[in-house]
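Below: one structure, written as structure tokens.
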Amino acid sequence: MRAHEAGALHGNDAAPTWLPYPADVNALIDGLWSRTTMRGADGALEVGGVSVHRIVKEVGTAVLVVDEADFRARASRFRDAFAAAFAPYRGAHVFYAGKAFLCTEVARWVEQEGLGLDVCTGGELAVALRAGFPAQRIALHGNNKSDVEIRRALEAGVARLVVDSLEEIERVSEIAEQLGAVAPVMLRVTTGVEAHTHEFIATAHEDQKFGISLTAGDALEAVRRVLERPATLRLEGLHSHIGSQIFDVGGFEIAARRVLRLVAEVREHLGHTIDSLDLGGGFGVMYNTQHTPAAPEVLADGIAEIVAKECRELGLEVPQVAFEPGRAIAGPSTQTLYTVGTIKDVHLGGPHHRVYVSVDGGMSDNVRTALYDADYSVLLAGRVSEAEPTVVRVVGKHCESGDIVVKDEYLPADLRRGDLISVPVTGAYCYSLSSNYNHVPRPAVVSVRDGEIRQLLRRETEDDLLALDAG
Ligand SMILES: Cc1ncc(COP(=O)(O)O)c(C=O)c1O
């Protein structure tokens, strides 16, 4: 990389104020990397006992590398933390939210770790069933389920269909009748709480597409309609999901209070006891040094305390509860390896400049930066360097100036074409949101464990892309 004529790039003004100047640009920042990631004797990163050079030799770049031990450990930790926190009451179940990342092998890990699986389309359900995931541990979500999806879920015997509208109640009931089945339904209610990181807002009614409104009285009506159809519908409980990348339990307090008030109203007006609640997912992860996620045990204990307190005040028994973490299990288990291509030092006027590092992927394998303004980190992965740290922007190869993978991070100033770099915490909502924009084939996904590499999803080829082209 060319040093800028304005002098040393040390702490150059391209760095945002939150980004710390690294004491050691080769060091793995604590909390950002999966549990088995380390530097090997040659300085290259190793994950699951496998050098990144070996991974790249086998499957090339861009590649998402899932640390299997890390994924499993996070899954079982959430399972245990919530089970322990709710053990004094009626227990808790954890469903992994497959929308974060799903393939058949990952579904098997989730199954083996004893979690349930939350799917939200027929496609996700198909992956789960192909993996042999037990249907009685699957929940089907979706604000616009097709009749085919509902029928398939009922035929498979899923644990619960999370009904998202008044209209859907009728359709599920009709399909259950055709099948001679009783559909287990949960009702997703809109609590008016929207949580992001440390902030949450609670509004009178929520202007969004999910769920059945609590404030308009629709939720009570929905419960009534389900209870009216005992031949085709069985009410499993209530569901609420308040947001994503949440770091503390404040948002859950208001949501739980509002949902439990509905439980009390149902008891009072309909004489029915709802004994199961699903409080959704949304637990946050560390994408960079600004983020401070709470441990699963802290979240579980905090939410258990909130639910127990609200129940005491309303004179209710604490229901059985469920949670649906996706990002917090899948996200930190995975990193994406890219090969560095073109490096450009762009003059911005006066002494200002920005170093653009292009990689062989981009918004097609990680759209979160463009879509959510996410801030990722990045590390030189194939070697260590003694060079001065300099702030760079990692960009993809797409025809879009918003095609940014990492907005700002320090990398060594001797970064060059052909270097391997790695972006951590890409396990959630990266591959699952991937696209073929510009006809760029999707990357490979591998898992690593105890020195072994396993291909989870092979790299797409141009033939895959052309396979859909009827011309
Ligand atoms: C209903 C529901 N449950 C669970 C999740 C998982 O959220 P996260 O991956 O942030 O834990 C989502 C995410 O959108 C969701 O909509």
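Both counts, for ligands and for their atoms, begin at 1 and track the order of listing.
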Does any pair with a residue in residues 271-280 pass side chain to side chain donor-acceptor pair (under 3.5 Å), and if so which ones, sequence neighbours excluded? Arg160-Asp278

Option passing side chain to side chain contact (heavy atoms under 4.5 Å, CB included) with Leu433 (candidates Val367, Asp365, Asn366): Val367

As a test of reading the model: which residues have a non-hydrogen atom less than 4.0 Å away from ligand 1? Ala97, Lys99, Asp118, His141, Arg188, His239, His241, Ser244, Gly281, Gly282, Phe283, Glu324, Pro325, Gly326, Arg327, Tyr429

Arg137 side chain to Glu111 backbone, donor-acceptor under 3.5 Å: yes

Quick one: does Thr61's side chain have a donor or acceptor within less than 3.5 Å of a partner on Val63's backbone? no

Using a 4.5 Å cut-off on heavy atoms from C-beta on, say whether the side chain of Ser34 contacts that of Gln335. yes

Are any side-chain N or O atoms of Asn288 and backbone N or O atoms of Asp375, one a donor and one an acceptor, separated by less than 3.5 Å? yes

